[in-house]
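Right, one structure below, let's go through it.
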Amino acid sequence: MLVTIDTETGEALRVAGDPEHPVTRGFLCGKVAKYLDHVYAPDRVLYPMRRRAGVPKGPLAPGAQNAAFERIGWDEALHAIATRLGAIARERGPEAVLPYSYAGTIGTLGYGSMDRRFFHRFGASQLKRTICATAGGEAFLSVYGRKLGTDTEHFHHARLVIAWGANIHNNNIHLWPQVEEARRNGAWLVVIDPYATRTAQLADQHLAIHPGTDTALALGLMHVILRDGLEDAAWCEQHTHGLAELRAHVRSYTPAMVEDATGIAANLVEELARAYATTKPAVIRLNYGVQRSENGGAAARAVCMLPALTGAWQHLGGGLQLSTSGAFSFDSQAVERPDLMYASPLGRAARTVNMAQLGDALCDLEKPAVHALFVYNSNPAVIAPEQRKVLRGLQRDDLFTVVHEQSFTDTCDYADYVLPATTFLEHVDMQGAYGHYYVQLSEQAIAPVGEARANVELFSALAQHMGYTESCFSDDAETLIAQALREDAAPEDTTPGSVLMRGITRATLRAHGGSERLHFPSEHAVAPEPFRPFSDGVFPTPSGKAEFFSEQLAAQGQDAMPTYHPPVELRTRQTPADAEGMLQFLPRKSGNFMNSTFANHAAHQKMQRETLDLLELHAEDAQVRGLAEGDLAEIRNERGALRLRVRISRRVQPGVASAGMAWSKLNPEGGKGVNQLTSQRLTDLGDGPTFYSTLVQVRRVQCACEAETGCVLCHVGALEAGVSLE
Ligand SMILES: Nc1nc2c(c(=O)[nH]1)N[C@H]1C(S)=C(S)[C@@H](COP(=O)(O)OP(=O)(O)OC[C@H]3O[C@@H](n4cnc5c(=O)[nH]c(N)nc54)[C@H](O)[C@@H]3O)O[C@H]1N2
Ligand SMILES: Nc1nc2c(c(=O)[nH]1)N[C@H]1C(S)=C(S)[C@@H](COP(=O)(O)OP(=O)(O)OC[C@H]3O[C@@H](n4cnc5c(=O)[nH]c(N)nc54)[C@H](O)[C@@H]3O)O[C@H]1N2
Ligand SMILES: [Mo]
């Protein structure tokens with residue numbers, strides 16, 4: 001990204017894509033093109049703020065934060081926070097403190113560096129960061145051993161592109177020009193998604209699969225491929241493990257069985273299998289949508305196996321991309337210093353708490369209970385599953401909550417202290433990637449807005465207030481970057497994984513304008529440029545081959561081969577023709593927000609207006625419930641409830657309803673979002689969340705004063721009080 005600065009005021013005037021960058025190629029996605037709306041937002045957190053005495057925790061109307069919080073100085077804030085954390089550690093043990101962070105920034109330093117050092121040294125509970133990608137990640141690793149994927153820059157070579165649970169046009173826009181180029185050269189684009197995303201609408205074919213049934217489809221494709229002898233037998237023989245077992249395993253996954261499970265017609269399953277196995281190069285863009293359901297690990301695993309069966313990795317532009325993150329090997333031990341846990345008062349590795357079960361952690365955890373929550377890079381009041389329980393936890397009077405933020409988010413509404421964070425324009429950081437193969441250095445472009453401080457500075461300063469004397473707490477961002485890059489390592493250093501980044505330093509990055517391609521030298525196991533991951537048939541798995549059959553997973557009590565289990569939600573589903581029947585709910589990301597980020601900006605809301613605060617329902621499901629376009633519907637299950645206006649939509653299939661993520665406090669009901677409905681159940685692999693395995697009831701609700709005001713607010717609270725709405 002290029003930032004234009006006003007040389008007189010030092011303010012950023014404009015942001016634009018870098019035309020020199022081979023992946024972004026001069027354009028930004030719609031939401032980031034408006035990034036300055038975020039940097040200079042009227043509700044930007046500018047100063048440290050302390051909750052005023054007596055003001056209860058809970059949703060604040062936009063702009064009301066000054067009534068609830070008072071401005072204080074940084075020193076005062078840090079002193080008070082350090083004192084309180086210290087007292088909690090003494091009284092309850094340091095594990096009573098829980099950090100909560102995710103990917104507000106994916107800068108190497110901002111995501112995890114000084115913060116980790118701080119919490120390790122403190123002895124705080126460790127956060128298991130599962131909220132996004134662990135099920136798919138484990139699935140991929142079980143088959144291939146390392147997260148590498150088809151290079152984004154090579155997708156244009158493909159002649160068949162399958163977007164599998166991947167909303168490329170919304171969520172991964174910089175891949176789109178590659179897909180378009182491939183199509184101009186005759187490629188066919190197939191989208192497998194229960195929802196007719198923009199990507200699906202623009203595709204050559206959309207297979208609207210029933211949610212949570214991808215395992216059956218992937219195994220069915222393998223059934224046809226093996227039945228018809230379309231696998232790459234020589235490649236499989238040499239480079240895969242467990243083909244005989246797989247052959248026997250997929251025998252029952254006939255196209256008819258697959259049709260029954262997935263809703264995709266048997267002849268389309270046959271066609272896709274043949275096209276996939278015979279078109280070269282064929283590439284799958286698997287994204288994380290597939291693994292956000294209870295059997296998402298098995299599903300992702302089965303999909304990942306397809307290119308091993310057809311040998312698609314051999315062809316430039318063929319293969320599969322889930323993530324490229326395994327190519328980056330920053331020195332996380334040096335940057336995060338997990339060894340500091342042994343210097344903490346705890347003197348051992350602290351317990352881990354799964355971030356996908358924050359509600360349970362705040363409400364049920366004992367020995368010790370969580371008494372302090374330190375939030376940064378995340379908005380858990382919105383993005384974590386089972387929102388009602390999360391909010392019940394955040395509301396606890398005896399929970400001390402600190403939030404380091406750029407915007408006054410829903411989570412800030414529950415904080416005792418809110419601290420101002422810089423945006424990535426205001427600090428230096430370094431990025432790896434999960435969609436391409438460049439290491440990037442992002443320079444500081446403008447001075448911090450207000451009194452904002454970067455994550456590194458915050459935790460460094462807090463460490464001083466805690467009295468930590470280790471010199472690592474004084475490292476600045478430049479030093480941390482040098483450590484992450486192993487600038488001091490000997491040239492012959494061959495630490496596993498460090499090979500692709502050898503020779504990349506701050507100096508070389510800066511000489512390359514901040515973005516440098518990983519080095520794919522020919523003398524190493526990974527193939528030389530043009531980089532075709534796994535084309536050499538070398539896999540860092542237990543068998544050294546791509547694994548259809550995993551002894552390792554079997555030893556952990558998992559299925560040795562991915563097996564289709566109908567989702568619990570699906571098993572209990574009644575016929576959609578029944579007004580009381582349950583619908584499968586897809587609480588999806590919004591194309592113009594970044595998870596919940598940007599949801600507070602008018603320009604972003606305007607771009608999102610097609611689905612913002614709307615429930616998308618198929619006409620059949622609406623009709624049996626007496627719902628028409630614009631009606632107020634209540635979506636509920638045993639975990640929570642939410643009211644949204646109905647949008648009759650052909651984007652969803654019968655039996656499926658969809659709504660998007662946004663800031664909950666901006667919802668007309670105030671403080672409720674789509675995660676009211678989601679559960680803390682974890683995925684089969686990787687202990688991830690199961691957002692897309694959610695069953696709901698939908699019914700019409702009448703608002704007594706509707707004629708006058710169209711108000712939904714008059715019923716807020718009625719639900720909780722058990723008052724009938726009719
Ligand atoms: N605009 C925008 N871009 C983003 C984000 C954002 O919030 N907004 N978030 C970023 C983040 S954090 C991530 S992890 C990536 C994620 O990128 P994606 O994985 O593309 O994201 P999702 O939208 O979660 O899921 C993709 C699709 O999976 C579909 N899906 C749901 N259930 C199933 C199923 O059972 N089977 C199949 N086949 N498909 C299913 C959904 O309808 C959705 O369209 O995007 C990143 N990019
Ligand atoms: N229903 C449903 N829930 C979901 C998902 C879904 O698809 N559906 N997606 C899940 C996924 S894939 C993900 S990754 C998670 C994302 O969950 P989060 O990582 O919590 O994502 P955001 O909502 O973007 O919140 C990030 C916050 O970090 C702040 N921030 C940005 N940069 C910095 C910084 O440098 N320092 C500090 N201190 N703060 C910063 C931003 O202002 C923002 O408020 O949500 C998950 N939740
Ligand atoms: Mo994510």
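Side chains are part of it too, since the values below use all heavy atoms of this structure and drop only hydrogens, waters and symmetry mates. One-based numbering along the sequence shown. Atoms within a ligand are numbered from 1 in the order they appear, just like the ligands themselves. What you are looking at is a predicted structure, and each value in this text was computed from that prediction instead of being measured.
Contact check on Lys672 versus Glu669 returns a salt bridge, with a Lys/Arg side-chain nitrogen under 4.0 Å from an Asp/Glu carboxylate oxygen. Using a 4.0 Å cut-off between a side-chain N of Lys or Arg and a carboxylate O of Asp or Glu, Glu386 and Arg639 do not qualify as a salt bridge. At a threshold of 4.0 Å, the pair Lys389-Asp360 counts as salt-bridged, since one of the basic side-chain nitrogens sits closer than that to a carboxylate oxygen. Using a 4.0 Å cut-off between charged side-chain N and carboxylate O, Arg453 and Glu405 make no salt bridge. For the pair Arg681 and Glu294, the salt-bridge criterion is met [side-chain N within less than 4.0 Å of a carboxylate O].
Counting the atoms of ligand 2 from 1 in the order shown, those under 4.0 Å from a heavy atom of Ala421 are 36 (N), 37 (C), 38 (N). Close approach of ligand 2 to Thr409 (heavy-atom distance below 4.0 Å) involves ligand atoms 44 (O). Interface atoms of ligand 2 facing His404, defined by a heavy-atom separation under 4.0 Å, are 37 (C), 38 (N), 39 (N). Each of the following atoms of ligand 2 lies closer than 4.0 Å to a heavy atom of Gly104: 19 (O), 26 (C), 28 (O), 30 (N), 31 (C), 32 (N). Near Val674, with a cut-off below 4.0 Å to any heavy atom, the atoms of ligand 2 are 1 (N). Listed by number with element, the atoms of ligand 2 under 4.0 Å from a non-hydrogen atom of Asn377 are 19 (O), 26 (C), 27 (C), 28 (O), 33 (C), 34 (C), 35 (O), 36 (N), 37 (C), 38 (N), 39 (N), 40 (C). Each of the following atoms of ligand 2 lies closer than 4.0 Å to a heavy atom of Ser378: 18 (P), 20 (O), 25 (O), 26 (C), 27 (C), 28 (O).
With a heavy-atom cut-off of 4.0 Å, Asn455 touches ligand 2 through its side chain alone. Neither the backbone nor the side chain of Val382 has any atom closer than 4.0 Å to an atom of ligand 2 (non-hydrogen atoms only).
For Leu419, the closest heavy-atom approach to ligand 2 does not fall below 4.0 Å.
No hydrogens or angles considered: a donor-acceptor pair under 3.5 Å links the side chains of Asp43 and Asn600. Remark: the His427 side chain and the Thr422 side chain contain an N/O donor-acceptor pair separated by less than 3.5 Å.
You'll find the side chain of Val674 stays beyond 4.5 Å of the side chain of Phe691, heavy atoms only.
Taking the six-membered ring wherever Trp is involved, the centroid distance between the rings of Tyr376 and Tyr100 does not fall below 6.0 Å. When ring centroids are compared, Phe69 and Tyr417 stay outside the 6.0 Å threshold.
Checked against a 3.5 angstrom limit, the closest N/O atoms of Asn675 and ligand 2 fall inside it. In terms of polar-atom proximity, defined here as any N/O pair under 3.5 Å, Glu405 does make such a contact with ligand 2.
Protein residues having at least one heavy atom under 4.0 Å from any atom of ligand 1 are Lys31, Cys132, Trp164, Gly165, Ala166, Asn167, Asn170, Asn171, Ile192, Asp193, Pro194, Tyr195, Thr197, Ile209, Pro211, Gly212, Asp214, Asn287, Tyr288, Gly289, Val290, Arg292, Tyr434, Arg588, Lys589, Ser590, Gly591, Phe593, Met594, Asn595, Tyr692, listed by chain and number.
No donor-acceptor distance shorter than 3.5 angstrom exists from the side chain of Thr694 to the backbone of Thr678, with no hydrogens or angles considered.
For the ring-ring contact (aromatic ring centres under 6.0 Å, His included) test, residues two or more places apart in sequence or in another chain that qualify with His38 are Tyr35, Phe598, His601.
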